[in-house]
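A quick write-up on the structure given underneath.
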Amino acid sequence: MKALSIIRAELKDSFIMALTAIVAHKLRSALTLLGILVGVFSIIIVMTSMRAMQQKIESDLNQLGGQTFVVQTWSPLHFEGGGSEQGYWRRKRINLDQAMELSRRVTLPLNVGVEDNGVANGQIISRYSKSPPNVQLSGETPGSFPAQNWNVARGRALLDSDEDGLRDVCVLGSTLADDLFPFASPLGERIELNGIKYTVVGVLEAKGNSQGGREDEFALIPITTAITRYEDKRWLNLSILVQARSAADYDNTVDQVRGIMRQLRKVPPGKPDDFEISSNDSLIEQMKSITYKIRMGISLVSSIALLAAGIGIMNIMLVSVTERTREIGIRRAIGAKKRTIMIQFIMEAVVLCEVGGVAGVALGVAGGDVLAILMDLPKVLPLDWVFIGLGICSLVGIIFGTYPAYKAAHLDPIESLRYE
């Protein structure tokens, strides 16, 4: 117990002396910790931005209903390139005829929806108000509503008759409905996007998210209306949303859909699919894999900055040992142990690193939040990487401060007292 108290007192005294030494050499300390600040800042800003982006993508993917998978021409998270990928990008796009024929042939799914996502965007105008800019308009079939886990709060969803008749009707997300009709019911009202008018027939239940519910700011129209008004059929590329009846039927449903799609697209036996089937879990895992590789790459680059900063700290600490040789001699002469001298100099290196680390963390989190706001992503605080960054700072201080501390502790007391 007594030994523990002695060690605690030594650490406290070393910490105070370390702060005193840093304050006494402000410019030198500031230049030294700048390298640590840059290294930690680069790690934290990237991790904050990537965490925000990952949360946004996972939130968007999780909008799909239970046991739902998506059939698309290309995977939404495909980033590879090169000559071997030419066939991938030359795939025939999924058109409305293929999607409708698939929905007629399949027997296992609970629902099949077809989506033409983001056919138009802009500011939507009602007779009462205007929406923010760049509200997204998408073409949907009635089957998209259960597949996307959209529930109607007021009015009705899109119907087959809307699709067959190319009607100019729409269903609004809850936030958009509140923006356009703050004091009145939107049902039966006309709205206008880019000079084209639609009649509101329904409003969806709110989902909301960490961004204050802006994910509910969109409008849905019949897919046939969307294709006729906005699409060039040569470049039309649809997504098919398939909802299995249960978890037990999921794999069989995927197999049936894959088999019918291969028939419709005339894929020869033995050849790979010329389309992608993705689920929430597969896309989230793929996204995590991509962000992991990016994080590791940035961490490697940042570690080089931290290594350079560590070498700078070692150099400054060696200079400090030389400058304080007489002080070390006096302390040894009045009974200070080698251990005490080592602890003091290692503590000084660690405190120096931690000051730079704290500044780097603060700037990194602030910078990451600014990037998140600019990219319309939720703000996050990556606490795990904050502690990892500060832990790395302590490790750098210990590693690069040990040799100068050892050298200071093993100076000859008599020669030190004579040093001028």
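None of the values given here were measured: they were computed from a predicted structure. As a basis for the values below, the full set of heavy atoms in this structure was taken, side chains included, without hydrogen atoms, waters or symmetry mates.
Gln256 and Thr107 share a side-chain donor-acceptor pair at under 3.5 Å. The closest side-chain donor-acceptor pair between Asn117 and Gln136 falls under 3.5 angstrom. A donor atom on one side chain and an acceptor atom on the other are not found under 3.5 Å apart for Glu140 and Gln148. Side chain to side chain, Thr73 and Asn237 meet the donor-acceptor criterion of an N or O pair below 3.5 Å.
Nearest heavy-atom pair, Pro186 versus Arg154, reported as atom, atom and distance to 0.1 Å: CD-NH1, 3.6 Å. Annotation for Ala147 and Leu241: closest pair CB-CB, 3.8 Å, computed over non-hydrogen atoms. Heavy atoms only, all atoms of each residue included: Leu204 and Val152 are closest at CD2-CG2, 4.1 Å. Scanning all heavy atoms of the two residues, the minimum distance from Ala244 to Thr253 falls at CB-OG1, 3.8 Å. The shortest heavy-atom contact between Arg245 and Leu108 is NE-O, 3.0 Å. For the pair Cys393 and Gly357, the tightest heavy-atom approach, listed with the atom from each and the gap, is SG-CA, 3.5 Å.
A donor-acceptor contact shorter than 3.5 Å is absent between the side chain of Arg156 and the backbone of Val201. In terms of modelled atom types and a separation under 3.5 Å, the side chain of Thr141 and the main chain of Val114 share a donor-acceptor contact. Under a 3.5 Å cut-off, the side chain of Asn252 and the backbone N or O of Asp249 do not form any donor-acceptor pair. Under a 3.5 Å cut-off, the side chain of Ser129 and the backbone N or O of Phe181 do not form any donor-acceptor pair. With Thr322 contributing its side chain and Leu318 its backbone, the two residues share a donor-acceptor pair below 3.5 Å. Gln243 places no side-chain N or O within 3.5 Å of a backbone atom of Val112 that could act as its donor or acceptor partner. With hydrogens and angles ignored, the 3.5 Å screen pairs no side-chain donor or acceptor of Thr224 with any backbone N or O of Asp164. Judged by distance alone, the side chain of Ser131 and the main-chain N or O of Ile124 form a donor-acceptor pair under 3.5 Å. Ser239 places no side-chain N or O within donor-acceptor distance of the main-chain N or O of Glu115, the cut-off being under 3.5 Å. Of the possible donor and acceptor atoms, none in the side chain of Thr225 sits under 3.5 Å from a partner among the backbone N and O of Asp168.
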Could you walk me through whether Asn315 and Ile311 pass side chain to side chain contact (heavy atoms under 4.5 Å, CB included), step by step?
CA-CA 6 Å; Asn315 182 50; Ile311 295 172; 5.7 Å; no

Checking Val200 against Tyr198 for the side chain to side chain contact (heavy atoms under 4.5 Å, CB included) test, could you report, in this order, the C-alpha distance in whole Å, the side-chain angles of both residues, the deciding distance, and whether it holds?
CA-CA 6 Å; Val200 180; Tyr198 298 93; over 6 Å; no

Could you give me the CA-CA distance, side-chain angles and deciding distance for Leu180 and Ile191, then say whether side chain to side chain contact (heavy atoms under 4.5 Å, CB included) is met?
CA-CA 8 Å; Leu180 297 176; Ile191 62 171; 4.1 Å; yes

Chi angles and distances behind the side chain to side chain contact (heavy atoms under 4.5 Å, CB included) call for Val242, Thr68
CA-CA 5 Å; Val242 184; Thr68 296; 6.0 Å; no

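Taking CG of Asp97 as the start and CG of Leu238 as the end, the distance is 10.0 Å to the nearest 0.5 Å. Interatomic distance, CD1 of Ile240 versus CE of Met261, reported as 4.5 Å (0.5 Å rounding). Within the model, atoms CD of Gln263 and CD of Gln98 stand 12.5 Å from one another, a figure rounded to the nearest 0.5 Å. Annotation: the span from Gln123 atom CD to Asp179 atom CG amounts to 10.5 Å, rounded to 0.5 Å. Between the CE atom in Met317 and the CD1 atom in Ile313 there is a gap of 9.0 Å [rounded to 0.5 Å]. Residue Ser103 holds its OG atom at 10.0 Å from CD1 of Ile260, rounded to the nearest 0.5 Å.
Side-chain contact check for Leu159 versus Asp162: some heavy-atom pair is nearer than 4.5 Å. Between Val171 and Val203 the shortest side-chain heavy-atom distance does not fall below 4.5 Å. Val257 is listed as a side-chain neighbour of Val106, based on a closest heavy-atom distance under 4.5 Å. Between Arg229 and Ile221 the shortest side-chain heavy-atom distance does not fall below 4.5 Å. Between Leu137 and Tyr230, some side-chain heavy-atom pair lies under the 4.5 Å cut-off. Counting heavy atoms from C-beta on, the side chains of Val254 and Phe69 come closer than 4.5 Å. Using a 4.5 Å heavy-atom threshold, the side chains of Val135 and Asn121 count as separate. The shortest side-chain heavy-atom distance between Val70 and Glu276 does not fall under the 4.5 Å cut-off.
Contacts classified as salt bridge (Lys or Arg N to Asp or Glu O under 4.0 Å) and involving residues 117-128 (residues at least two apart or in different chains) are given here: Arg127-Glu189.
The number of heavy atoms from other shown groups lying within 6.0 Å of NZ (Lys197) does not exceed 12.
With respect to Asp274 and Arg91, no salt bridge is recorded, no charged nitrogen being found less than 4.0 Å from a carboxylate O.
Here Arg262 pairs with Arg258, Val267, Asp273, Phe275 under the side-chain contact (heavy atoms from CB on, under 4.5 Å) rule; sequence neighbours left out.
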Side chains of residues 396-409: which donor-acceptor pairs under 3.5 Å do they make with residues two or more places apart or in other chains?
residue: Thr402; atom: OG1; partner: Ile398; partner atom: O; Å: 2.3

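The only option from Thr228, Leu158, Leu166 that meets the side-chain contact (heavy atoms from CB on, under 4.5 Å) definition with Pro222 turns out to be Leu158.
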